[in-house]
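Numbering starts at 1 and runs along the sequence shown. Not measured: the values here are computed from a predicted model. As the structure lists them, so they are numbered: ligands from 1, and atoms in each ligand from 1.
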Amino acid sequence: MVPANVGFVKAAYEGPDIAIYVESISTLYADESVIRNISATVKKKLIVRSDASKLMAPDKSLEIIKTIIPEDAGVSNINFIPEFGEVYIEALKPGLVIGKSGTTLKSIVTQTNWVPKVLRTPTMNSDVIKGVRQMLVKESSFRKKFLTTVGKKINRPIMKSEWIRATALGGFKEVGRSSMLLETNHSKIIIDCGVSPEPSVKGSDANTTDENKAFPYLDSANVTINDIDAVILTHGHMDHMGFIPYLFKFGYEGPVYCTPPTRDLAALLLYDYLKLVQRSGGTPLYEEKDIRKMLVHMITRDYGEVTNVTDEMKLTFHNAGHILGSSTLHLHVGEGMYNIVHTGDMKYGFTKLLDMADTKYPRIDSLFIESTYGGNNDITARRQDAELNIMNSIKRTIQGGGKVVIPLFAVGRSQELMLVLENYLTGNSNFKLDVPIYLDGMILEASAIHTAYPEYLKLNLERRILNNRSPFESEIFEIAKGERSDILDRGPSVILASGGMLNGGASVEYFKELAPDPKNKIIFVGYNSASSMGRRIQNGVSEIALPDRDGKLVSIIPKIQVETIDGFSGHSDRRQLVSFVENLRPSPKKIFTMHGEEVKCEELARALGNRMRLEARAPMNLDTIRFK
Ligand SMILES: [Zn+2]
């Protein structure tokens with residue numbers, strides 16, 4: 001199908017896509033319908049490249065590219081990747097690198113024969129994004145080999161499977177270590193592979209981690225590591241991805257599919273996990289090189305892109321509304337044999353950060369749905385009430401001369417709360433606190449990653465970031481620098497500290513300092529797992545032992561006010577879960593609940609079964625469900 005004057009050289013598999021190499025890329029670009037037609041015929045994403053012999057010398061190309069791209073694009077980095085015939089251009093304003101309907105990009109291709117790939121520079125400095133991008137550039141020749149291997153495997157002739165089944169490996173009737181094995185005669189896929197969010201601070205008396213409950217039951221699944229065709233990751237939280245580097249440590253060499261922001265958030269949290277464990281003198285599950293290995297094996301896809309993960313399985317990510325880049329999965333197995341939707345963690349309700357979860361899918365036979373707040377009484381406060389509640393609560397404590405600490409998961413709730421504070425304390429609002437709001441821990445880096453992916457955020461937030469008015473960089477926020485005790489000496493303040501469940505992180509340090517004074521307050525806005533330090537404080541524990549700087553346990557008698565304000569969750573409450581299912585198009589035929597304490601999974605399954613008049617149940621770990 002490639003016209004003769006384009007000079008077809010070769011076609012090659014590249015992961016799930018097909019790359020064609022040509023002599024005259026500019027001739028091919030002159031009529032883009034050719035590319036579209038080929039892509040439609042082979043039903044694959046088509047990548048067009050120049051044959052290596054036709055690539056202009058990088059230094060000469062660089063000069064030309066610099067004259068083509070307008071100055072205000074804010075180009076921060078240009079990297080040539082000969083292995084892929086691509087030039088990565090990082091810019092603050094990718095739109096200006098692309099040009100009106102792609103004209104600027106096109107002139108780069110036609111003048112240099114390099115194919116430009118545009119990456120957004122985050123508006124705030126992000127070491128994680130820098131590190132991940134540098135690593136991918138450095139590992140280009142490995143990536144090329146890896147993608148070819150994956151491509152060959154995916155593009156085997158389709159073998160018809162007779163059966164399909166799922167095995168619950170973790171996170172069923174519990175929260176944590178989410179993992180599921182999906183199998184047919186010919187494919188084995190792992191969906192999520194997390195660790196339990198239980199205490200990781202060594203020596204703390206909340207350290208009740210039962211090793212047997214910390215990791216998914218991979219050893220019981222009767223698969224060897226090299227039988228696994230692919231890992232699919234719904235989002236970048238530890239309880240969904242914390243065990244993936246372990247697979248690589250033990251020899252997994254296949255792909256991990258996720259969205260681009262999920263890759264970067266996973267890098268952030270995994271490296272932090274390593275640091276935290278090392279600092280507390282523990283032995284981490286894996287090393288930095290295993291995390292790196294995972295990152296170079298990731299294949300990223302945006303929402304809505306249909307991708308083959310094996311010859312007979314097609315995957316599409318949809319927005320899940322939970323955190324940046326979080327996805328629900330649609331899996332199409334066999335030619336119309338079976339369709340599964342897996343929600344991962346999901347929010348079907350208003351947040352300032354993200355649109356709510358998608359409810360439209362091509363087909364749904366079985367639905368796997370999270371149940372974090374699926375219990376009969378899990379009805380959370382209205383969002384507007386929650387906002388007013390927290391603002392008034394903070395104000396009362398500040399007026400009483402106290403300090404407020406809000407422990408937060410660095411990724412997700414932190415940004416949501418920052419948006420609420422920014423909204424109340426700037427612009428036309430007459431709500432005033434007049435005290436510093438400190439950000440401590442990973443919150444800053446996590447927010448920076450958000451600014452690299454504005455298209456994944458709500459439209460008005462996207463616009464603000466694109467117009468250099470990012471709320472995450474608002475002047476109301478101060479970065480906590482230097483000694484934490486200095487910050488606490490400075491009088492009333494609000495502190496957003498990472499370490500949501502107080503199982504480690506900045507929040508623990510602040511809690512220790514603030515706990516003895518009844519003027520101070522700790523406000524919980526997110527999920528605390530059943531045996532977490534956060535849950536114990538929330539339940540009003542009278543004495544608590546926490547490690548000091550040298551790891552020695554010190555006893556603390558908390559006098560601090562403890563408040564829980566719900567309504568900010570990144571998870572759907574019971575009503576939202578039910579209306580998500582009611583609004584699903586098409587309706588599922590069967591429902592399985594997961595990711596919730598036992599009683600919540602059961603109550604949600606019962607409620608959905610009755611309401612939708614279909615089979616709904618709450619499988620337990622190690623259950624296998626045969627679909628066909
Ligand atoms: Zn999550």
Exercise. Sorted by chain and residue number, which protein N/O/S atoms are under 2.8 Å from the Zn ion (ligand 1)?
Worked result: His235 NE2, His237 ND1, His322 NE2, Asp345 OD2

Exercise. Within the distance-only criterion (no hydrogens, no angle test), does the side chain of Arg574 pair as donor or acceptor with the backbone N or O of Asp378 below 3.5 angstrom?
Worked result: no

For this session: Enumerate the residue pairs fulfilling side-chain hydrogen bond (donor to acceptor under 3.5 Å, both in side chains) with a member in residues 348-357, sequence neighbours excluded, ordered by first and then second residue.
Result: Tyr348-Asn583

Problem set entry | Short N-O contact, Arg617 and Glu615, less than 4.0 angstrom | yes

For this session: Would you confirm whether Glu387, through its side chain, and Gln384, through its main-chain N or O, come within 3.5 Å as a donor-acceptor pair?
Result: no

For this session: Would you mind checking if Arg464 and Glu422 are paired as a salt bridge, meaning a charged N to carboxylate O distance below 4.0 Å?
Result: yes

Problem set entry | SB check Glu288 Lys249 (cutoff 4.0 Å) | no

